There are 2 protein chains.
Amino acid sequence: MTRAQRAVLAQLTNDRAFVSAQDIHARLRRSGESVGLTSVYRALQALTDDGQLDARRTDGGEATYRRCGSDQHHHHLVCRQCGAAVEVEAPAVEKWVADLAATHRYVIDAHTLEIIGLCSRCADA
Amino acid sequence: MTRAQRAVLAQLTNDRAFVSAQDIHARLRRSGESVGLTSVYRALQALTDDGQLDARRTDGGEATYRRCGSDQHHHHLVCRQCGAAVEVEAPAVEKWVADLAATHRYVIDAHTLEIIGLCSRCADA
DNA sequence: CCGAGAATGAAAACCATTGTCATCTTGCCG
DNA sequence: CGGCAAGATGACAATGGTTTTCATTCTCGG
């Protein structure tokens, strides 16, 4: 693992929310651990390919990343304000998806299920 | 409704797949019906706000739009190649989402459920 | 017919992301 | 140790979708 990858992973292990590349870069800068923006992007790409990070896009189209606790397939309940997320599993949905695909003769690559709102902390504030 | 909105809506009523702003612009151009790219973006924005179009982002982060048959809340089975989509309802999922949000004290704004793959036509080709 | 307010679109600005390339590390072999 | 090859790094430029700006053009009520 490269220096940039270690730095990014450390940051995301610390925070544990969905964070954008630019945010990660800024935070690393602020904490003295200086890594170029390009390297942050490369590290995020590599770690995501490696399955160590989950990626999702915000409503605005910005990519955000999170270090998840489970390496199993799961979905997220995400706070649109702070990025805090709860990992959830939905076996019933998985089955429903598979059946549906078969019915319509689609070859499925993936599916997404996300619940977006405000966590209790952000809702109160 | 403005000229641009009529043109965009006509195009999307014709095609009925998820299409990007740039694609719509190109198609209108090609069909003689010339509308500026800016106006296409504005029309898509307005029509989406109006609930006349459904929007989603491709994996690459590009926004795509579709004229759906149902104005009820529904989800999509989408072909990542050609944009063809099947509208599906999932009452069980809706309920599950609501319960989950309550459990975790999240104030829910929205949720997304998408199934991405290849339609039978694209899979065969 | 007139004028105000909306619509239009070309061009510039934006901004996240990716490519380029010269430099710097690092680990290995002699 | 040296030194070299492969990979990593990061400043900078380029890309590409989207939004802003702004001057011009419609449109429609009075």
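Model, not experiment: these values are computed from the prediction. Every chain is numbered from 1 and lettered A, B, ... according to where its sequence line falls, protein lines coming before strand lines.
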Verify the contact: side-chain N or O of B:Y41 to OP1 or OP2 of D:dT19, cut-off strictly under 4.0 Å; return yes or no. no
So, B:E89 versus B:H73: side-chain donor-acceptor pair below 3.5 Å or not? no
Neighbour count >12 (heavy atoms, 6.0 Å) for atom CG, A:D99: yes
Please check if the side chain of B:H74 supplies one atom and the backbone of B:Q72 the other of a donor-acceptor pair under 3.5 Å. yes
Generate the contact string for nucleotides 5-16 of chain D. Rules: B means base contact, S means sugar-phosphate contact only, - means no protein heavy atom under 4.0 Å. ---SBBBB----
Count the heavy atoms of every other residue, nucleotide or ligand shown that sit under 6.0 Å from CG of A:D59, and state whether that count exceeds 12. no
Counting only heavy atoms not in A:R121, do more than 12 sit closer than 6.0 Å to its CZ atom? no
Ring centres of A:H111 and A:H75 under 6.0 Å apart? yes
In residues 46-62 of chain A, which ones come under 4.0 Å of DNA chain C, going by heavy atoms? A:E62
Neighbour count >12 (heavy atoms, 6.0 Å) for atom CZ, B:R105: no
For A:F18 and A:H76, I'd like to know if the aromatic rings sit close, meaning centre-to-centre distance below 6.0 Å. yes
Say whether, by atom type as modelled, one donor and one acceptor occur between the side chain of B:H104 and the main chain of A:L77 under 3.5 angstrom. no
Distance under 4.0 Å to a non-hydrogen atom of chain A counts as contact; along DNA chain C, which nucleotides mark the start and end? C:dA16 to C:dG19
Between A:R66 (side chain only) and A:A55 (backbone N and O only), is there a donor and an acceptor less than 3.5 Å apart? no
